Protein chains: 2
Amino acid sequence: MDVKLMPHATSVKILDAAESSFAEHGFAATSLRDITTKAGVNLASVNYHFGSKEALLASVLKRRFGPVNQARLALLTQLEADATQGPSVEGLIHALLAPVFQQRREWDDQGTKFLQLIGRLHGVPHTLVRSIMKTQFAEVFERFVPAFQRALPHLEAEEVALRIFFLMSALINAMTWSGSEILGSGQPCDADALLDALVQFGVAGMAAPSRQLAPVSR
Amino acid sequence: MDVKLMPHATSVKILDAAESSFAEHGFAATSLRDITTKAGVNLASVNYHFGSKEALLASVLKRRFGPVNQARLALLTQLEADATQGPSVEGLIHALLAPVFQQRREWDDQGTKFLQLIGRLHGVPHTLVRSIMKTQFAEVFERFVPAFQRALPHLEAEEVALRIFFLMSALINAMTWSGSEILGSGQPCDADALLDALVQFGVAGMAAPSRQLAPVSR
DNA sequence: GTCTATATGCGGATAGAC
DNA sequence: GTCTATCCGCATATAGAC
């Protein structure tokens with residue numbers, strides 16, 4: 001039976017506890033003892049089920065990335081079916097951002113922890129982490145870059161990819177900081193307002209003129 | 001005599017080594033042994049000069065944040081002196097972004113490490129780190145938010161602050177990933193291209209319509 | 001200010017009974 | 001699959017000579 005369908009299985013309890021602890025304290029600062037204590041399982045069970053601390057991290061990431069990216073691709077497929085001349089920039093950006101917020105609602109508190117973890121890992125230059133991130137995002141990039149190019153024919157693929165990267169950075173860090181108050185503004189802002197603001201910002205940023213056409217005056 | 005002016009002082013060697021190691025491996029994963037070995041100084045000197053590992057991190061951050069933010073504020077002052085009706089969005093964004101690239105050139109390899117460190121810390125939800133970040137950015141926000149509002153009168157202060165946060169996130173993560181290849185696009189991109197691309201993206205994003213005026217279609 | 005030596009505890013991983 | 005017990009190394013921090 002699929003482990004994912006057994007919410008009280010030891011391996012699931014370990015994944016949940018690891019996700020929270022890695023998010024709160026970082027990978028290196030979290031001990032297997034922290035994790036097993038929080039999960040209420042035996043210390044040795046981590047190595048039994050996952051083999052090592054690193055392999056545990058990989059499992060934590062794989063469990064969550066799948067559904068988000070599948071939702072993104074499904075929304076893109078839907079958009080392409082609806083508009084024969086290609087999806088709009090707004091639609092594409094919404095397809096890229098909304099699944100994160102949607103999944104977070106379904107995951108509840110655990111999802112918030114996962115997003116914090118991603119925020120952390122996005123800034124980590126380590127080979128292991130980056131290769132996991134790239135692998136997870138590869139298909140999304142492959143399909144979204146051409147779709148954006150169709151909607152924004154003045155941009156080259158590299159520029160589209162770079163802008164998607166900017167947007168994803170803003171998304172990831174916004175998710176990480178939401179709850180605490182954003183720098184400068186006095187109050188924390190709720191998730192829906194954040195999504196709206198990100199879409200506004202992202203649509204304009206993605207559609208900005210190419211730098212060849214409009215050099216910046218200084 | 002000011003410690004900063006003595007490049008071969010033990011405390012400076014420790015700061016440099018700590019900056020590099022924290023950036024490469026993270027705060028928790030870096031031991032004081034790593035740092036003192038790299039710096040070529042004695043293990044006990046860290047506690048003598050800085051008191052603790054945490055205080056060492058704070059010192060590392062304070063050393064670099066100052067010059068960047070001073071340069072930002074100086075550029076803003078210059079822009080305000082040049083244009084009596086207020087600086088342009090392009091000018092403001094350039095004033096916000098360029099000092100980072102400028103300082104990195106002056107700092108050379110050490111500066112790159114520092115930027116990697118910031119990329120890491122930006123995703124860390126810990127109280128200590130966040131309070132340092134907020135303190136360092138407070139004055140920049142205080143002066144840039146009203147300046148942006150003058151150039152973009154359709155936006156409220158909260159929206160301006162949020163968009164600056166998005167832009168800073170893109171900046172920080174771009175600096176962290178530059179050198180390695182950005183997700184999706186095949187090749188690493190150099191610093192100047194990155195700055196140009198960020199300015200293009202940021203100008204459009206900052207100037208996007210407010211969400212009240214243009215609700216997103218889905 | 002700098003060194004050696006060391007106190008004291010926690011880290012990941014595993015062996016082997018049940 | 002789960003548990004206890006343990007190996008062995010590395011961590012931060014400090015004491016005290018020089």
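Since the structure is predicted, the reported quantities are computational estimates derived from the model, not experimental observations.
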Sole candidate of R64(A), K13(A), K62(A) that passes salt bridge (Lys or Arg N to Asp or Glu O under 4.0 Å) when paired with E19(A): R64(A)

Could you tell me the separation between the NE2 atom of H49(A) and the C1' atom of dC3(D), rounded to a whole number of Å? 12 Å

Should R105(A) and D192(A) be marked as a salt bridge (charged side-chain N to carboxylate O under 4.0 Å, His left out) after you check the CA-CA gap, both sets of side-chain angles, and the distance that decides it? CA-CA 11 Å; R105(A) 266 189 290 273; D192(A) 288 336; 3.6 Å; yes

Mind checking side chain to side chain donor-acceptor pair (under 3.5 Å) for Q116(B) and listing every partner two or more places apart, or none if nothing turns up? none

Along DNA chain D (nearest heavy atom to each residue), the more 5'-positioned of A44(A) and R33(A): A44(A)

Quick one: on DNA chain C, does N47(A) or A29(A) contact a more 5' nucleotide (nearest heavy atom)? A29(A)

H8(B) NE2 - dG1(C) P separation (whole Å): 17 Å

If you only use heavy atoms from C-beta on, which nucleotide in dA13(D), dG1(D), dA13(C) is closest to the side chain of L43(B)? dA13(D)

Compare side-chain N and O positions of N42(A) against OP1 and OP2 of dT4(D) and report whether any pair is under 4.0 Å apart. yes

Strictly below 4.0 Å: does T10(A) bring a side-chain N or O up to OP1 or OP2 of dG1(D)? no

Have a look at T36(A) and say if it touches a base, only the backbone sugar-phosphate, or nothing, with a 4.0 Å heavy-atom cut-off. nothing

Rounded distance in Å - NZ (K53(A)) to P (dT14(C)): 15 Å

Scan S31(B) against the nucleic acid and name what it touches under 4.0 Å (heavy atoms): base, sugar-phosphate only, or nothing. sugar-phosphate

Write down the distance between CD (E54(A)) and P (dG11(C)), rounded to a whole number of angstrom. 17 Å

Measure NE2/H25(A) against P/dG11(C) and give the value in whole Å, please. 12 Å

F50(A) atom CZ is separated from dG12(C) atom P, nearest whole Å, by 15 Å

Taking E139(B) first and then R143(B), would you say they form a salt bridge - that is, a charged N and a carboxylate O separated by under 4.0 Å? no

In this structure, how many angstroms lie between the P atom of dC10(C) and the CD1 atom of I35(A), rounded? 17 Å

Between F114(B) and F65(B), ring centroids under 6.0 Å: yes

In whole Å, what is the span from the OH atom of Y48(B) to the C1' atom of dA15(D)? 16 Å

